[in-house]
Amino acid sequence: MLKMGGSGGLFGQNKKKFKKFNAEKNVKVNFADVAGCDEAKEEIMEFVKFLKNPAKYERLGAKIPRGAILSGPPGTGKTLLAKATAGEAGVPFYSVSGSEFVEMFVGVGASRVRDLFKTARENAPSIVFVDEIDAIGKSRGKGKGMGGNDERENTLNQLLVEMDGFSTSDHVVVLAGTNRADVLDSALLRPGRFDRKVYISNPELEGRKDIFAVHLKKIKLADNCDLEDLKGRLAALTPGMSGADIANICNEAALIAARHNEESVKLHDFEQAIERVIAGLEKKNKLLSPEEKKVVAYHEAGHAICGWYLEHADPLLKVSIVPRGQGALGYAQYLPPDIYLYTTKKLMDRMTMSLGGRVSEELHFSSVTSGASDDFEKVTNMAQRMVLQCG
Ligand SMILES: Nc1ncnc2c1ncn2[C@@H]1O[C@H](COP(=O)(O)OP(=O)(O)OP(=O)(O)O)[C@@H](O)[C@H]1O
């Protein structure tokens, strides 16, 4: 069908130079690849059912929601879930990122959106995914007077026009991802546009286990390794981490094993990978003087001792005086549980534990060092939150 493809289609000769949006016709990702966000999957399932069998809905006169906003912290699998929706429904997946429109020449953003939707319609049923929609969809009252916002606004308007212009027979579902659902223009959230909101949070213990299970499949583990036990341990070691962090840890562990010429990846490699993701790369060439090492050791031990004696402090896993990442001379790794309500007692104990390093320096040396500056920053944040949130 040369004719159809030729008129400005994705692979049109005249537009070959620009990569306007990503197109995937044969999406291999499905819901089994997205672990630990069952509620989000359930909500999005409705779109899958619609795309697979639109007639069933149309027969009853039902109007299917046009689109959904997938919101949540970075790396929680929003893009992955959108792609898996296309994979499950067996439809093409067209994606762009909102941030790509921000610094564009006048008119380019809007014309890109037009082309994107044109292609999606021609290939319907299909899914359009706009990542980082907050980059173009910020509330229009905000950030006025900055000059260069016109293009952003044009792009947003074009997106709204395209969504309004759909008729029910256009079987195109528009999904959008954002970390900042709170700043979105209310026009985007009106019925007939992104009227569904799906929130994806960082995974809890069980979720992390499931995500590890997905990513461990690709890793060569030792034959005697008990997968159930391994994913439980790793999930316990990674509180607060996102799916992307977990994917990164699995990959890092395999890289570490390869660096050591190991035949398979072991628990120890994963532990090192977790440390690397939490605290940064070991700085082998950062040589501390014996006196400095002593200060760092007393400082970290101060945290550890406070943690041991305080009832509400998070359990401490290890302290290290190996310099890592950007400027960290030592660090303490805790295992905070997944909790949603912080008592003032817990916050007080956390603050005390953070200050334990500095107190230890005061007790054991004639002068204190700048090593506690990071702790001070954390404690100031915690104290501020405590006053603002606990009253
Ligand atoms: N729930 C999950 N199950 C399995 N893998 C996951 C999950 N969440 C994230 N990942 C892994 O992390 C990678 C990055 O996730 P993704 O790009 O979907 O996150 P995102 O929420 O869109 O991030 P951002 O907000 O930064 O755009 C995925 O490719 C996948 O490997």
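We count ligands from 1, going down the list as the structure has it; atoms in each ligand are counted the same way.
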Starting from [atom], which protein heavy atom do you reach first, and at what distance in Å?
atom                    : value
atom 31 (O) of ligand 1 : H215 CE1, 3.2 Å
atom 27 (O) of ligand 1 : D131 OD2, 3.6 Å
atom 10 (N) of ligand 1 : G243 C, 3.6 Å
atom 25 (O) of ligand 1 : K78 NZ, 2.9 Å
atom 4 (C) of ligand 1  : D33 O, 3.3 Å
atom 18 (O) of ligand 1 : L80 N, 2.9 Å
atom 26 (O) of ligand 1 : G75 N, 3.6 Å
atom 22 (O) of ligand 1 : T79 OG1, 2.6 Å

Quick one: does [X] get a heavy atom under 4.0 Å from ligand 1?
X    : answer
G36  : no
I246 : no
E132 : no

Checklist entry - Rounded to the nearest 0.5 Å, what separation is found between the CD atom of E275 and the OG atom of S320? => result 6.0 Å

Next on the checklist: Using 0.5 Å steps for rounding, measure from the NE2 atom of H303 to the CE atom of M353.
Outcome noted: 8.5 Å

Checklist entry - Which word best sums up how the rings of F365 and Y298 line up, parallel for under 30°, tilted for 30 to 60°, or perpendicular for over 60°? => result perpendicular

Quick check: does any side chain N or O of [X] sit under 3.5 Å from a backbone N or O of [Y], one acting as donor and the other as acceptor?
X    : Y    : result
D229 : D226 : no
S126 : A120 : yes
R196 : L70  : no
D349 : H312 : yes

Checklist entry - Can you list the other members of the hydrophobic cluster that holds F270, where links are side-chain heavy atoms under 4.5 angstrom apart? => result I211, F212, L216, I219, L221, L227, L230, L234, L237, M241, I246, I249, V265, L267, I274, V277, I278, L317, L335

Checklist entry - Hydrophobic clusters join Ile, Leu, Val, Met, Phe, Trp and Tyr when side-chain heavy atoms are under 4.5 Å apart, directly or via other members; which others share one with V322? => result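 When side chains under 4.5 Å apart are linked, V322 ends up in no cluster with other residues.
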
Item to check | Candidate pair R350 and D314, rule salt bridge (charged side-chain N to carboxylate O under 4.0 Å, His left out), full reasoning | outcome: CA-CA 7 Å; R350 270 196 183 175; D314 297 325; 2.9 Å; yes

Item to check | Candidate with minimal heavy-atom separation from atom 14 (C) of ligand 1, of G77, A244, C250 | outcome: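 That would be A244.
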
Under a 4.0 angstrom heavy-atom cut-off, which atoms of ligand 1 come close to [X]?
X    : answer
V34  : 1 (N), 3 (N)
P74  : 25 (O), 26 (O)
N179 : 25 (O)

Item to check | A35, any N or O under 3.5 Å of ligand 1 N or O | outcome: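 Between A35 and ligand 1, an N or O pair is found under 3.5 Å apart.
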
Checklist entry - Taking both backbone and side-chain atoms of P73, is any N or O found less than 3.5 Å from an N or O belonging to ligand 1? => result no

Item to check | Candidate list F129, F47, Y94, F117, test side chain to side chain contact (heavy atoms under 4.5 Å, CB included), partner V174, passing option | outcome: F117

